[in-house]
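Below is one structure, written out as structure tokens; comments come after it.
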Amino acid sequence: KPAVVIAGGREAWWWDSYDQRSFERHQHSIPERFHELLPLRPPHIYLDTLGGLQCCAGGGCWKKGIGEKPIGENCVDLIKAEHPYDRTRRTMPQPRCMTMITADMVLDAVRKLDKVYS
């Protein structure tokens, strides 16, 4: 199905099959008998912030935690942000690479996908 993938800076673009760059990189390994199906591949828009921060400048940072993991396994560029579903307005650590992706960016991506299908 078509999707807007909100990726941030954790994984490099080639890690996921959602991104067109990854598809193009591995297209040669798809068996010939499946080539007729390639035009049916649903579009994805991959929103990443790779290269936007020092911690993911050379690709994904590959960190697996945002504050609860041992030192060295946590995201190195955290900000405090309000939890969107917490009415007490508590703040919690958020990876900056994810908060750099705004609601407007996601909405624009959804609109682009909508144009493909309308």
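- Between Ile45 and Ala109 the shortest heavy-atom distance is CD1-O, 3.2 Å.
- Evaluation of the side-chain contact (heavy atoms from CB on, under 4.5 Å) rule for Arg96 yields Leu53, Asp77, Ile79, Thr99, Met100 as partners, not counting sequence neighbours.
- Listed by chain and residue number, Val4, Ile6, Leu47, Ile101, Val110 satisfy the side-chain contact (heavy atoms from CB on, under 4.5 Å) test with Val106 (two or more places apart in sequence, or in another chain).
- Applying the side-chain contact (heavy atoms from CB on, under 4.5 Å) criterion to His28, with sequence neighbours excluded, gives no partner residue.
- Minimum heavy-atom separation, Arg33 to Glu36: O-CG, 4.3 Å.
- Within the structure, side-chain hydrogen bond (donor to acceptor under 3.5 Å, both in side chains) contacts touching residues 49-62 (residues at least two apart or in different chains) do not occur.
- Legend: salt bridge (charged side-chain N to carboxylate O under 4.0 Å, His left out) pairs involving residues 46-62, not counting sequence neighbours, sorted by first then second residue: Arg21-Asp48.
- Using modelled atom types, no side-chain atom of Arg10 and backbone atom of Cys61 make a donor-acceptor pair closer than 3.5 Å.
- With sequence neighbours left out, Ala3 forms a side-chain contact (heavy atoms from CB on, under 4.5 Å) with Val5, His44.
- In terms of heavy-atom proximity, Gly9 sits nearest to Cys56 at O-CB, 3.5 Å.
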